[in-house]
Each structure stands twice: as C-alpha cells, then as structure tokens.
A.B. asks: 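First, the structure itself, so that you have it in front of you.
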Amino acid sequence: MPVFAPEKLICPITFLLLLTIQRSQAVLNDHYYDETCPQAEKIILDTVRNASMHDPKVPARILRMFFHDCFIRGCDASLLLDSTPENKAEKDGPPNISVRSFYVIDHAKAKLEMACPHTVSCADIIAVAARDVVTMSGGPYWNVLKGRKDGRVSKAAETINLPAPSFNVSQLIQSFSKRGLGVKDLVALSGGHTLGFSHCSSFEARLRNFSKVHDTDPSMNVDFGQNLKKKCPKPNKDRNAGEFLDSTSSTFDNNYYKQLMVGKGVLGSDQSLFGDYRTRWIVESFARDQGLFFREFVASMLKLGNVGVIENGEVRLKCRVLN
Ligand code: HEM
C-alpha cells in the first residue's frame, strides 16, 4: 500500500520551511484573553468611547487604521511603530500621513499594561477598537477573534501596496485578492467609507482636466461635482479642505451604497464599484438591504482581521516601539 510521504517528494529543507511557514500563521480565538486578561475588551471599549466623545473624528480614523495595518504585512500593528533615525516606518508612508488618533491605541495599551502586563498585543487592540467604533456608530457587533502578535518590521516604502483612490475595479480586485479577499469582501469593506472624511487631494483629479474628452469624471453626478469643486477650489490654501465620504458620515449605515447609485461617491475607487458589472449588483443589494450589508461587513471584517496574522512576533509594551 503506497503511503503519501511529501517529504520524499520535495527536498527536506523545503519541507521543513513549509512546516514553519504553516506554524507561524496564528490561529485566532474568541476567548484568547479569558484567563489572562478578562477585562481587556472593556478597557479598550471604555478608552475608545471616551476618545470618541471628545473627538468625533476618532471612529473613522480607527477603522481606517485597522484596514491600513492589515493590508501591509498583515494585522501585526506594524502601522503603529514610530520611525527611527535608521528606519522610516509605515506610519510615515504617503497614504498614512492622514491616518491619525494613534494616541487612542496608546491610551488603551497603557491601561492594559497596568491591568495585565505584557499580555494584550497592539494588533489585537486595533482589531477590537475597530469593532467598537463600528458598533458605537450604529453598525453591527461581532465577536473579535484574538491572539495576534505584534510584528517587528515596518517600512514606509511598503505602503505603496495600499490601494489608491484612483484604482479601477480590476486593480481593486487584484489588491484585495493578494490578501485572500474576494470581490464581495471588496464591496463590503469599502462600506467602511460610510464613516469619515477625505481630503481634496484624494479626489480632485476627478474634478478638473479629468481626461481628453471629459473635464470632470463622467461617472459623477453633475451637481455633486459642482459642490466638490467649491469645496476644493484651485488654488486651495486650506490643506484641511475636503468632503465627507458619505452624507451620513458619523453613522454606520448603508447610505454609502445608495450614494454610489446616484453618482455621489467621493473617491473614484468608490464610484467605480457601481460602474463595473462584477461589483454593481453587490452595491445594489447592499443599498437595498442594510441587514445584508451588516452581515457581509462582519464576515469580511473577520476575514480582514485574519490577514497575515503571526504568532512568532511579540507583545509590545508600547505600541510605538519594539520591545
Ligand atoms: C477599497 C480600497 C480603498 C481605498 C482606495 C481607500 C482610500 C481612502 C482614501 C483616499 C481616504 C481619504 C484619505 C484622506 O484624504 O484623508 C479614505 C478614508 C477612509 N477609509 Fe478608505 N480606502 C479603501 C478601503 C477602505 C476600507 C476597506 C476601510 C475599512 C474597512 C476604509 C476605511 C476608511 C475610513 C473610515 C476613512 C475615513 C478616515 C477619516 O475620516 O479620517 N477604507 N480611504
């Protein structure tokens, strides 16, 4: 009876390497801190809630932080590390300059270190905080899987691999599929733009000299385009100018998809989801059924939270610096 022996088919070193790679992918678990830090989620929730009360921009910023962290080197808090004289970190890469409110994670971490020292990873803090900001903005609740470890590498140059607002649907699909996320995940997670704000620089290419034949992006509602032009005049002295990504930008709802259906998506990447047959039907179904959007958003956030998680990292003592 022939026995399947993969180690005989491939050289032993490659086999060992494959085993190591497999082992270093952590298995996350809902009850990870039940014994070691049962109060962890309450500490994070209290911190995030308190910060959001003082600054209503916090929820959107934390949700985006989770996405940007997970898309570069997986959900390993590499985004939280500060640059050093020897290393320019992810945080200082161009797409992350507008990611703010890192202090909220620092506050949660400081309290967690008092309550249960050296136990809760920074990567898990972001994942729990991202769920909390969605729920406190009117969106769904879900059990966050935990057990991520913090990475030891963070490079600004790698942020080039984040999807850009100028991407078309093929580019977006490709970017998501590299992280094991499908077309449905792309459309559901883009629904994160139900919260928050965009600076003019992220969408002004759509407003003037768009192409040889169109001055403004033809997929944009004409009145909406006029309004965006007023918000982003040329020249523009106000570096903080921009527009909310959704007209109900502090509420987590399905209004973002309804806006896409009438040409009122702010970013080119958002609007493109309604312009392509592969994603349009999903936009339409989320616009019709908020419950469906919430369920799919949760499923996709769980998948996003699993991207590249490691178990051979560390639990940082401070999220901004390596131990
Ligand atoms: C699909 C590809 C995506 C692209 C191209 C993209 C791009 C952008 C851009 C350009 C901004 C505005 C930045 C600025 O000008 O300040 C932004 C904001 C934001 N993004 Fe995304 N994003 C994408 C996916 C996501 C995902 C998956 C999430 C979360 C699940 C997310 C959450 C957010 C949030 C909440 C904001 C508002 C941030 C704030 O108000 O400070 N984005 N995104």
Side-chain angles (χ1 to χ4, degrees), residues 52 55-72 75 79 93-102 104 126-127 129-131 133-134 136-137 139-140 142 159-179 181-206 228 231-232 236 238-246 248-253 256 260 265-274 276 279 282-283 286 293-294 296-305 307:
S52 306
D55 180 359
K57 293 179 181 147
V58 162
R61 288 171 169 180
I62 300 278
L63 180 58
R64 186 170 181 229
M65 195 184 287
F66 178 60
F67 166 56
H68 281 210
D69 181 42
C70 293
F71 256 49
I72 305 297
C75 311
L79 174 60
N96 287 333
I97 303 295
S98 53
V99 179
R100 303 206 181 116
S101 300
F102 292 107
V104 181
I126 311 180
R131 184 274 318 276
V133 295
V134 168
M136 74 176 64
S137 306
W142 65 95
T159 59
I160 187 103
N161 296 318
L162 283 166
S166 56
F167 272 17
N168 61 32
V169 169
S170 297
Q171 292 169 306
L172 291 170
I173 290 176
Q174 198 187 20
S175 169
F176 275 61
S177 78
K178 279 184 191 155
R179 280 95 179 167
L181 300 168
V183 177
K184 190 275 296 175
D185 300 310
L186 162 65
V187 181
L189 291 171
S190 294
H193 290 169
T194 178
L195 297 181
F197 176 87
S198 173
H199 294 87
C200 294
S201 55
S202 303
F203 58 85
E204 62 194 354
R206 305 180 69 203
L228 289 184
K231 300 230 160 160
C232 303
N236 188 354
D238 182 3
R239 286 195 307 133
N240 296 322
E243 178 58 297
F244 292 106
L245 289 164
D246 176 1
T248 56
S249 72
S250 51
T251 307
F252 194 99
D253 57 18
Y256 160 83
L260 298 186
V266 174
L267 305 179
S269 49
D270 288 334
Q271 195 55 54
S272 75
L273 299 177
F274 189 65
D276 189 293
T279 44
I282 312 176
V283 170
F286 290 165
F293 164 49
F294 281 10
E296 295 298 342
F297 184 80
V298 168
S300 295
M301 283 291 274
L302 288 169
K303 272 175 90 174
L304 177 61
V307 172

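Every number for a ligand or one of its atoms is a count from 1 in the order of the listing.
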A.B. asks: Specify whether Phe286 and Phe293 have parallel, tilted or perpendicular ring planes, treating 30° as the upper limit for parallel and 60° as the lower limit for perpendicular.
C.D. replies: tilted
A.B. asks: Hey, does Arg179 have a side-chain heavy atom less than 4.5 Å from the side chain of Asn161?
C.D. replies: yes
A.B. asks: Which is closest to atom 35 (C) of ligand 1 by heavy-atom distance: Ser175, Ala60, Gly268?
C.D. replies: Ala60
A.B. asks: I need the atoms of ligand 1 closer than 4.0 Å to a non-hydrogen atom of Arg61, numbered in the order shown.
C.D. replies: 41 (O)
A.B. asks: Checking a contact table here: which protein heavy atom is nearest atom 15 (O) of ligand 1, and how many Å away?
C.D. replies: Ser202 OG, 2.6 Å
A.B. asks: Could you check whether Lys57 and Ser101, counting side-chain N and O atoms only, form a donor-acceptor pair closer than 3.5 Å?
C.D. replies: no
A.B. asks: With a 3.5 Å distance limit and no angle check, can you tell me whether Gln271 reaches the backbone of Leu260 through a side-chain donor-acceptor pair?
C.D. replies: yes
A.B. asks: To check your reading of the model: name the closest protein heavy atom to atom 40 (O) of ligand 1, its residue, and the distance in Å.
C.D. replies: Phe197 N, 2.9 Å
A.B. asks: Heavy-atom distances under 4.0 Å decide this one: backbone, side chain, both or neither, for Leu267 against ligand 1?
C.D. replies: side chain
A.B. asks: So, taking the atom named CG in Asp55 and the one named CZ in Arg61, what distance separates them when rounded to the nearest 0.5 Å?
C.D. replies: 5.5 Å
A.B. asks: Find out whether Ser137 and Thr251 are in side-chain contact, i.e. whether some heavy atom of one side chain is under 4.5 Å from a heavy atom of the other.
C.D. replies: no
A.B. asks: How far is atom 16 (O) of ligand 1 from its nearest protein heavy atom, and which residue and atom is that?
C.D. replies: His199 ND1, 2.6 Å
A.B. asks: Can you tell me how far the CZ atom of Phe244 sits from the OG atom of Ser250, to the nearest 0.5 Å?
C.D. replies: 8.0 Å
A.B. asks: What atoms in ligand 1 come closer than 4.0 Å to a heavy atom of Leu195?
C.D. replies: 35 (C), 37 (C)
A.B. asks: Run down the list His68, Gln171, Arg64 and name the one with the heavy atom closest to atom 18 (C) of ligand 1.
C.D. replies: Arg64
A.B. asks: Checking His199 against Asn240: is there a side-chain donor and acceptor pair closer than 3.5 Å?
C.D. replies: no
A.B. asks: N/O of Ser269 under 3.5 Å from N/O of ligand 1, yes or no?
C.D. replies: no
A.B. asks: Which of the numbered atoms in ligand 1 are below 4.0 angstrom from a heavy atom of Leu245?
C.D. replies: 18 (C), 19 (C), 36 (C), 37 (C)
A.B. asks: At less than 4.0 angstrom from any non-hydrogen atom of Pro165, what atoms of ligand 1 do you find?
C.D. replies: 5 (C), 10 (C)
A.B. asks: Between the side chains of Asp253 and Thr194, does any donor sit under 3.5 Å from an acceptor?
C.D. replies: yes
A.B. asks: What's the spacing between Leu186 CG and Ser300 OG if we round to 0.5 Å?
C.D. replies: 9.5 Å
A.B. asks: For ligand 1, which atoms have a heavy atom of Leu189 less than 4.0 angstrom away?
C.D. replies: 26 (C), 27 (C), 28 (C), 29 (C), 30 (C)
A.B. asks: Taking only heavy atoms of Ser190, which atoms of ligand 1 are found under 4.0 Å from at least one of them?
C.D. replies: 1 (C)
A.B. asks: If you take the nearest heavy atom of each of Phe203, Phe167, Phe67, which one is closest to atom 3 (C) of ligand 1?
C.D. replies: Phe67
A.B. asks: By atom name, which N, O or S atom of His193 is the nearest to atom 21 (Fe) of ligand 1?
C.D. replies: NE2
A.B. asks: With a heavy-atom distance limit of 4.0 Å, tell me whether Ser198 approaches ligand 1 through its side chain, its backbone, both, or neither.
C.D. replies: both
A.B. asks: Considering the heavy atoms of Ala164, write down every atom of ligand 1 situated less than 4.0 Å from one of them.
C.D. replies: 5 (C)
A.B. asks: Indicate, as side chain, backbone, both or neither, the part of Leu162 found under 4.0 angstrom from ligand 1 when only non-hydrogen atoms are considered.
C.D. replies: neither
A.B. asks: Do Gln174 and Phe167 have side-chain heavy atoms sitting under 4.5 Å apart?
C.D. replies: no
A.B. asks: Could you verify whether a donor N or O on one side chain and an acceptor N or O on the other, from Ser166 and Arg206, lie under 3.5 Å apart?
C.D. replies: no
A.B. asks: At a 4.0 Å threshold, what atoms of ligand 1 neighbour a non-hydrogen atom of Gly192?
C.D. replies: 35 (C)
